[in-house]
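In what follows, every heavy atom counts, from backbone to side chain, and hydrogens, waters and symmetry copies are set aside. So that the names make sense, note that chain A is the first sequence line, chain B the second, and so on, each numbered from 1.
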Number of protein chains: 2
Amino acid sequence: MRISELSEASGVPVATLKYYLREGLLPPGESLGATRADYSEDHLRRVRLVRALVDAGVSVAEARRVTEALDDPPRSRHDLLGRAQYALPAPHAATPVSDEVTGLLADLGWVVGPDSPALHSLSGAIAAARSAGVPLPTDALTGYARASEAVAAVDVSNVPTDDLASALHRVVAGTVLVDPVLAALRRLAQEHVSSRG
Amino acid sequence: MRISELSEASGVPVATLKYYLREGLLPPGESLGATRADYSEDHLRRVRLVRALVDAGVSVAEARRVTEALDDPPRSRHDLLGRAQYALPAPHAATPVSDEVTGLLADLGWVVGPDSPALHSLSGAIAAARSAGVPLPTDALTGYARASEAVAAVDVSNVPTDDLASALHRVVAGTVLVDPVLAALRRLAQEHVSSRG
DNA sequence: GCACTGTGGATAGTGTCGCTCCCCATGCGG
DNA sequence: CCGCATGGGGAGCGACACTATCCACAGTGC
């Protein structure tokens, strides 16, 4: 399809698609000469992913990192999560990993890589919440962690097993784009739980 | 304390504090004449909250709505969650509430207000994820919802019961600032669960 | 009394970001 | 051969969160 059709199909203006091409968020179409290129369904999927990421608050620079990671699929299932971890935008600015966090993981019995970016994000997010007057005691953190295990169990059970490239896509897109779903569910659950209590 | 001391204590430049004062994010200090005002510990807490919100990606306009809500505390415990819901920044742009969402809540047995902003956010967040190729089947959504109940149970058990104003502060600050904590925990839990499976 | 520093108040400027507009040369379709 | 969409690229725009500068003046130290 031509760029105008890609624009129509995705709802993204042509000028913005050109911008994404320049920024490397969208791979070039197959060139059919100097003034014509062909875009595939893959391009359409990519555009939709980029829009969803950007609308979810991911910066263009981070979205480029994410899409670059998707273009270089993992060799094995073992690579999958590690590669996804490093490709994902951090949920909070990184800080040094606190002793509290390492102790929490030990208590939970969680086995994670010692350099996982999420460890730094978690330390920073906890510190930020505390600095704003949210005490976040240990038992609250462990409660959140247990609930996160249930979330993660749903996550991994929905990862396709046949194709590593689509598995990586699912993990990365799912992690980023389901976060707001969980946030909305949490607010609704608060309302439900508090009206019941 | 004077504005320079407030700046030093919070780590926020004086020029930025003046900006927050202009924008209504920070109430004026008690005036001690034309060129002097006194700022209290409440102001310091407010500055730290505003910084945490802004650092978490909340816009200044939304942060003003949040802080205005905090300045007008609820009359009763019954008001608390409702007021917090409307004061909180939405986790995703609002869309019309989908039939799927109303059906999901019915299946879950959740009782929530029919105009809760989180319903609109949830519908929009689900649609955004789907458009990016995350299928999000019903059983996944119910799984996420059950886990969100556990999160919400921790949330409400940590709300102070003595003072309605501080309860509202805790709910609002906790909801926004714990979201990134949960996101980081989710990533770590994914790594743990997938390495175990 | 007097210089000096810090303050409240206000306006204008800065840097970043995500587009968006415009221009050009080209080459396919009619 | 003409019109027009395309690929390519530079420059501009609007929003946003500050940040810099200026001003008049009130305390403070001397």
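- Comparing atom distances between the A:A15 side chain and each of C:dC19, C:dT20, D:dG7 picks out C:dT20 as nearest.
- At whole-Å resolution of the value, NZ in B:K18 and C1' in D:dC22 are 10 Å apart.
- The phosphate of D:dG7 (OP1 or OP2) has no side-chain N or O of A:S31 nearer than 4.0 angstrom.
- Phosphate contact (OP1/OP2 of C:dG18, side-chain N/O of A:R64, threshold under 4.0 Å): absent.
- At a threshold of 4.0 angstrom between heavy atoms, the contacts of B:A61 with the nucleic acid are absent.
- OP1 and OP2 of D:dA20 both lie 4.0 Å or more from every side-chain N or O belonging to B:Y19.
- Within 3.5 Å, a donor on the side chain of A:R22 pairs with an acceptor on the base of D:dG10, or the reverse.
- Within the 4.0 angstrom heavy-atom criterion, only backbone atoms of the sugar-phosphate kind lie near B:L32; the bases stay farther away.
- Checked by atom type, the side-chain pair A:R46/A:Y39 shows no donor-acceptor distance below 3.5 Å.
- Note on B:S4: a side-chain N or O is less than 4.0 Å away from OP1 or OP2 of C:dT7.
- Taking only side-chain nitrogens and oxygens, A:Y39 never comes nearer than 4.0 Å to OP1 or OP2 of D:dT6.
- Following rounding to the nearest Å, B:R36 (CZ) and C:dT5 (P) show an atom-to-atom distance of 14 Å.
- Between A:T16 and C:dG18 there is no side-chain N or O to OP1 or OP2 distance below 4.0 Å.
- Note on B:S59: only backbone sugar-phosphate atoms sit closer than 4.0 angstrom, heavy atoms only; bases stay farther off.
- Distance, A:D38 CG to D:dG7 P: 10 Å, rounded to whole Å.
- B:E30 CD: 12 or fewer foreign heavy atoms inside a 6.0 Å radius.
- If you check every strand for non-hydrogen atoms under 4.0 Å, A:R2 touches sugar and phosphate atoms only.
- Side-chain contact annotation: B:S123 with B:H120, donor-acceptor N/O pair under 3.5 Å absent.
- Residue-level contact check: B:V54 touches the backbone only, with heavy atoms under 4.0 Å from sugar-phosphate atoms and none from bases.
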